[in-house]
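Please read the structure below before turning to the comments.
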Amino acid sequence: MSPFLAIVAQLVRALDCGSKCRGFETRRSPIFFGNKAVSIIDSLILGIIQGLTEFLPISSSSHLKLAKLFLNVPPDVMFDLICNAGTLLALVLFLMKELYFILTKKPLEILWFAVATLPLFPMYFLGHRLFTWAADPHFLGFFLMITSLILF
């Protein structure tokens, strides 16, 4: 059920941004992120790929990047952030009762969650160069094969 919600959130966000965010007409086909235009069809395809791959034990970011290469869509960080925000919104809607329960009944668990995420900050700064190198489109296929071997 949750991949379906993620896809719906992606579709709603993709269609909405082109019509109201930047003052364009509703019938306008490209969606603008920064200076770059992405067609509605490309946005739908990328949103579906993001929604399906986010909940599988594979890299949704790599598959989104690979799909952009195949569709000849220019790389844009804002588009990736919006795709991930759509997935986050779908998860929040799907897990709303559980989140409400945790926020109201177990505030200590929120503190432990915050403490558990603290090691991510130094890891980001220590591994930033490695992550940037690994995200290069030239090495994308190689690292996807390595990931598939690890999963196998």
Side-chain angles (χ1 to χ4, degrees), residues 1-96 98-99 102 112-152:
M1 183 70 177
S2 54
F4 174 74
L5 289 174
I7 292 170
V8 170
Q10 301 298 332
L11 296 177
V12 168
R13 179 62 185 143
L15 295 175
D16 183 47
C17 189
S19 61
K20 298 176 185 131
C21 287
R22 309 231 184 244
F24 294 116
E25 301 283 328
T26 339
R27 302 181 200 284
R28 192 160 198 156
S29 62
I31 299 172
F32 286 87
F33 294 97
N35 297 337
K36 302 166 186 158
V38 180
S39 73
I40 290 178
I41 300 296
D42 290 343
S43 298
L44 291 175
I45 292 170
L46 293 172
I48 288 170
I49 290 171
Q50 169 70 19
L52 290 175
T53 58
E54 187 66 40
F55 301 102
L56 297 173
I58 56 176
S59 173
S60 62
S61 300
S62 296
H63 284 83
L64 198 62
K65 197 173 283 195
L66 191 62
K68 283 182 180 181
L69 288 172
F70 283 134
L71 294 173
N72 201 15
V73 174
D76 189 13
V77 174
M78 183 60 80
F79 187 84
D80 295 343
L81 287 174
I82 289 171
C83 281
N84 285 306
T87 305
L88 178 65
L89 176 67
L91 280 174
V92 167
L93 291 175
F94 186 74
L95 300 171
M96 193 177 307
E98 289 86 353
L99 290 172
I102 290 172
W112 287 118
F113 178 75
V115 169
T117 57
L118 286 178
L120 290 175
F121 294 108
M123 286 305 298
Y124 173 78
F125 293 111
L126 292 174
H128 181 68
R129 295 181 79 182
L130 176 66
F131 300 144
T132 306
W133 176 76
D136 187 356
H138 293 96
F139 303 116
L140 192 60
F142 173 75
F143 285 113
L144 283 173
M145 286 190 300
I146 296 295
T147 304
S148 66
L149 288 174
I150 292 170
L151 290 174
F152 180 72

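Keep in mind that what you see is a predicted model, and the values were worked out from it rather than measured.
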Listed partners of L66 passing side chain to side chain contact (heavy atoms under 4.5 Å, CB included), at least two apart: F70, L140, L144

By ring pair (Phe, Tyr, Trp, His ring centres under 6.0 Å), which residues pair with W133, not counting sequence neighbours? F139, F143

Residues at least two apart in sequence or cross-chain that pass side chain to side chain donor-acceptor pair (under 3.5 Å) with T53, listed by chain then number, are none

With rounding to the nearest 0.5 Å, note down the distance linking CE in M145 to CG in L149. 8.0 Å

Which pairs pass side-chain hydrogen bond (donor to acceptor under 3.5 Å, both in side chains) with one or both residues in residues 141-150, sequence neighbours excluded? none

Any chance you could lay out the side chain to side chain contact (heavy atoms under 4.5 Å, CB included) test for D136 and F142, step after step, and finish with the verdict? CA-CA 11 Å; D136 187 356; F142 173 75; over 6 Å; no

Sequence neighbours excluded and cut-off under 3.5 Å, please list the side-chain donor-acceptor pairs for residues 121-131, or say none.
{"residue": "Y124", "atom": "OH", "partner": "H128", "partner atom": "ND1", "Å": "3.4"}

For a quick test of reading the model, state the closest non-hydrogen atom pair linking T117 to A114 and the distance between them. OG1-O, 2.8 Å

How far apart are the closest heavy atoms of E54 and T87, and which atoms are they? CG-CG2, 3.3 Å

Chi angles and distances behind the side chain to side chain contact (heavy atoms under 4.5 Å, CB included) call for N84, L88: CA-CA 6 Å; N84 285 306; L88 178 65; over 6 Å; no

Could I get the full list of ring pair (Phe, Tyr, Trp, His ring centres under 6.0 Å) partners for F113, not counting sequence neighbours? none

Minimum-distance pair of heavy atoms, taken over all atoms of P57 and L151: O-CD1, 2.9 Å

Sequence neighbours left out, what passes side chain to side chain contact (heavy atoms under 4.5 Å, CB included) with L71? Give chain and number order. D42, I45, L46, V73

For H138, which residues count as a ring pair (Phe, Tyr, Trp, His ring centres under 6.0 Å) partner, sequence neighbours excluded? none

The criterion is salt bridge (charged side-chain N to carboxylate O under 4.0 Å, His left out); which residues satisfy it with D80, sequence neighbours excluded? K68

